[in-house]
Amino acid sequence: METQTAQPKIVAAPPGVEGPGYFATSFDRAIGMAKQYSIWPLPFATSCCGIEFMATMASNYDLARFGAERLSFSPRQADLLMVMGTIAKKMGPVLKQVYEQMAEPRWVIAVGACASSGGIFDTYSVLQGIDQIIPVDVYVPGCPPRPEQIIDGFMRIQDLVHNESIRRRNSPEYKALLESYGIK
Amino acid sequence: MSDTVDYSKVVSRIGEKFGERVHSPEQPYGMLTLRTDRDTIIPLLQFLRDDEEMQFIFLTDICGVHYPDRAEKFEVVYHIHSLIHNLRVRLKVGLSGEPKIPTAVHVFKGANWMERETYDFYGIVFEGHPNLKRILNVDEMTIFPMRKEYPLEDNTRSDKNDAMFGRGMLPGQNN
């Protein structure tokens, strides 16, 4: 009887030119691959979606499998702002300041109906979606979404991190986007 | 609290002191409710607080009510509590004309934030308040959101289809 040893799963090499004794690829590809598996998320949890995120972080769903082991509770070192929960209008400037404190490159994921659109709270005191004050890369629907959905949203962020140009953040389109939000 | 709570002593003490200025005693859900006017409310609160027998020393809440169809469009409601007798009294003041009423902060310090909240949501001005500004809503807000003329919904939204929220059109009707 043959014994099976578990083979560690290794990420496939990025597209490139391969020959005997060498492998050539672009910086974009190699750096993108590395960054994709070392995202530091900053959880901005204000309500029940934050509870789902706690489950997502914990051992059952284990966000650490995706290289996001290390949560950053300081925006200065964070790569990904995860906004989970209802954002009251009074919280809006706080959220915007947290976003402004993050260093480039930075991504934002809006988890749940409230962060994405205000959700059921169509009322005078609640911000109708965080994209009114900061740009959002990925929206996760649900009220609240299950941990699988949050992980799926996180993987869409990984796709962005992997595939977008490392210079995208210098592009005129990106600068115009931030300009439209009044963010320098 | 049941309907059997005996408030007769409280009512008679208030009657001796204020006569007809404090009127319409009721006991909905067992809690004594009295009506008065804006000139009497502060002396009344002071009297109930300082009376050695009754000792209504705790101000539970101040809140506003908007009745757009009444002559007295606004009402301010005070809840006070006598801790040693475990008695609660509700005092209502109807406001006709300008929604203005004297502040109660000189009687109960706790009235400060309660009056700010009432101002924030109803625009009722508490004259003599040391710091009457918004407390819960954003400072930039231009409306008093609990007044009935303002819609509950966020008035800045532009991307929501009313039909999806069950309002604005009949079932089966398209835009």
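Reminder, nothing fancy here: chain letters follow the sequence lines and each chain counts from 1.
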How about [atom1] on [X], more than 12 heavy atoms from neighbouring residues, nucleotides or ligands closer than 6.0 Å, or not?
| X | atom1 | answer |
| --- | --- | --- |
| A:Arg65 | CZ | yes |
| A:Gln77 | CD | yes |
| A:Arg70 | CZ | yes |

Hydrophobic cluster membership, B:Leu87 vs B:Tyr78, 4.5 Å side-chain cutoff: yes

Heavy-atom pair of closest approach, residues B:Leu136 and A:Lys90: O-CD, 3.2 Å

Interatomic distance, B:Glu140 atom CD to A:Lys89 atom NZ [nearest 0.5 angstrom]: 10.5 Å

From CD1 (B:Ile143) to OH (A:Tyr124), nearest 0.5 Å: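 Between atom CD1 of B:Ile143 and atom OH of A:Tyr124 there are 8.5 Å.
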
